Amino acid sequence: MKIVVLADESLQMELLAQGLRENVLVEWVNEPAALLNYPDADAYIDLLFQNDTLRNGILQQLYPKPVFVNAVITTLRQLPEGFIRINGWSTFLKRPVVEAAAADDNMKIKTEEIFALFNKTPEWCPDTPGFISVRVIAMIINEAYFALQDEVSSKEEIDIAMKLGTNYPYGPFEWSKKIGLKNLYELLSTLAGTSNRYQPATLLKKEASR
């Protein structure tokens, strides 16, 4: 089986964190148009996905082959028909479980088959911004920024407290750097449209705009 993946070096390593099964050929590309050079591939994964007309036009040419896009904030309703959403944000993809959303059972079966080749299991989530884990982590990071705003403690001390006290792999500020503050701010702003509890901290907004 041949799978073509658009990714940077960091996301390549996360995708391969559990290894790769035999008889699988992974072709790595670094630009969307290069995906079209592999019409014989069995599936395509865009881990650097951006929801724009040009990108979607390229990816639509790959359909009806499975097309997986790293679309944490953008929902299926906002994407062309046939795309499968996955959570490929930094630090989340290296887990053995991949959060995903698909339109029908046939796409879910294909997703399970493809990610089994990477020794990963899809966790089916509602088609909502942030899936589940990212939404939770974004809220934790936002609360850490509120605490920093109120001068409760420093970034370094809050990170240490969360890692030692909750056994998190990263402190909230450390995690925010890995995910990207602009990503977090966009997600929180999107979620705040339906619930005020997601309203981004002023300091988070300020740092995200730099």
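Note that the coordinates shown come from a computational prediction; the quantities given were computed from them, not determined experimentally. Quick note: numbers below take in every heavy atom, side chains included, and nothing from hydrogens, waters or symmetry partners.
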Practice task
For Tyr145 and Glu207, run side chain to side chain donor-acceptor pair (under 3.5 Å): C-alpha distance rounded to whole Å, both residues' side-chain angles, the deciding distance at 0.1 Å, then the answer.
Solution key: CA-CA 10 Å; Tyr145 268 93; Glu207 291 192 5; 2.7 Å; yes

Practice task
Could you tell me whether the side chain of Arg85 and the main chain of Ala102 form a donor-acceptor pair under 3.5 Å?
Solution key: no

Practice task
Without swapping roles, check the side chain of Gln199 against the backbone of Asn196 for a donor-acceptor pair under 3.5 Å.
Solution key: no

Handout entry: Check against side chain to side chain contact (heavy atoms under 4.5 Å, CB included), Asp8 and Trp28
Key = CA-CA 9 Å; Asp8 58 24; Trp28 304 99; over 6 Å; no

Problem - pair Leu15-Lys120: side-chain heavy atoms closer than 4.5 Å - result: yes

Practice task
Determine, step by step, whether Ile86 and Ile45 satisfy the side chain to side chain contact (heavy atoms under 4.5 Å, CB included) criterion, reporting the C-alpha distance in whole Å, the side-chain angles of both residues, the deciding distance to 0.1 Å, and the verdict.
Solution key: CA-CA 9 Å; Ile86 61 170; Ile45 303 174; 4.3 Å; yes

Exercise for the section: May I ask you to decide if the ring planes of Phe92 and Trp175 are parallel, tilted or perpendicular, using 30° and 60° as cut-offs? Expected result: parallel

Exercise for the section: Compare all side-chain heavy atoms of Leu203 with those of Phe146 and state whether any distance is below 4.5 angstrom. Expected result: no

Practice task
Output yes when Lys155 and Glu174 qualify as a salt bridge under the 4.0 Å nitrogen-oxygen rule, no when they do not.
Solution key: no

Problem - Presence of salt bridge, Glu123 and Arg95, under 4.0 angstrom - result: no

Practice task
Decide yes or no for Leu47 and Phe68: does some side-chain heavy atom of the first lie under 4.5 Å from some side-chain heavy atom of the second?
Solution key: no

Problem - Worked check of side chain to side chain donor-acceptor pair (under 3.5 Å) between Glu186 and Ser189 - result: CA-CA 5 Å; Glu186 183 181 353; Ser189 297; over 6 Å; no

Exercise for the section: Could you check Asp46 against Asn70 for side chain to side chain donor-acceptor pair (under 3.5 Å), going step by step and ending with a plain yes or no? Expected result: CA-CA 6 Å; Asp46 185 352; Asn70 179 8; over 6 Å; no

Practice task
Considering non-hydrogen atoms only, spot the tightest contact between Val4 and Ala41 and give its length.
Solution key: CG2-CB, 3.5 Å

Exercise for the section: Please check if the side chain of Ser154 supplies one atom and the backbone of Glu157 the other of a donor-acceptor pair under 3.5 Å. Expected result: yes

Exercise for the section: Taking only Lys NZ, Arg NE, NH1 and NH2, and the carboxylate oxygens of Asp or Glu, determine whether Asp42 and Lys65 approach each other closer than 4.0 Å. Expected result: no

Handout entry: Derivation and outcome, side chain to side chain donor-acceptor pair (under 3.5 Å), residues Glu99 and Trp89
Key = CA-CA 11 Å; Glu99 290 176 303; Trp89 274 11; over 6 Å; no

Completion exercise
Tightest non-hydrogen contact, residues Val29 and Leu6, listed as O-CD1, 3.3 Å

Handout entry: Closest non-hydrogen atom pair, Pro64 against Lys110
Key = O-NZ, 4.0 Å

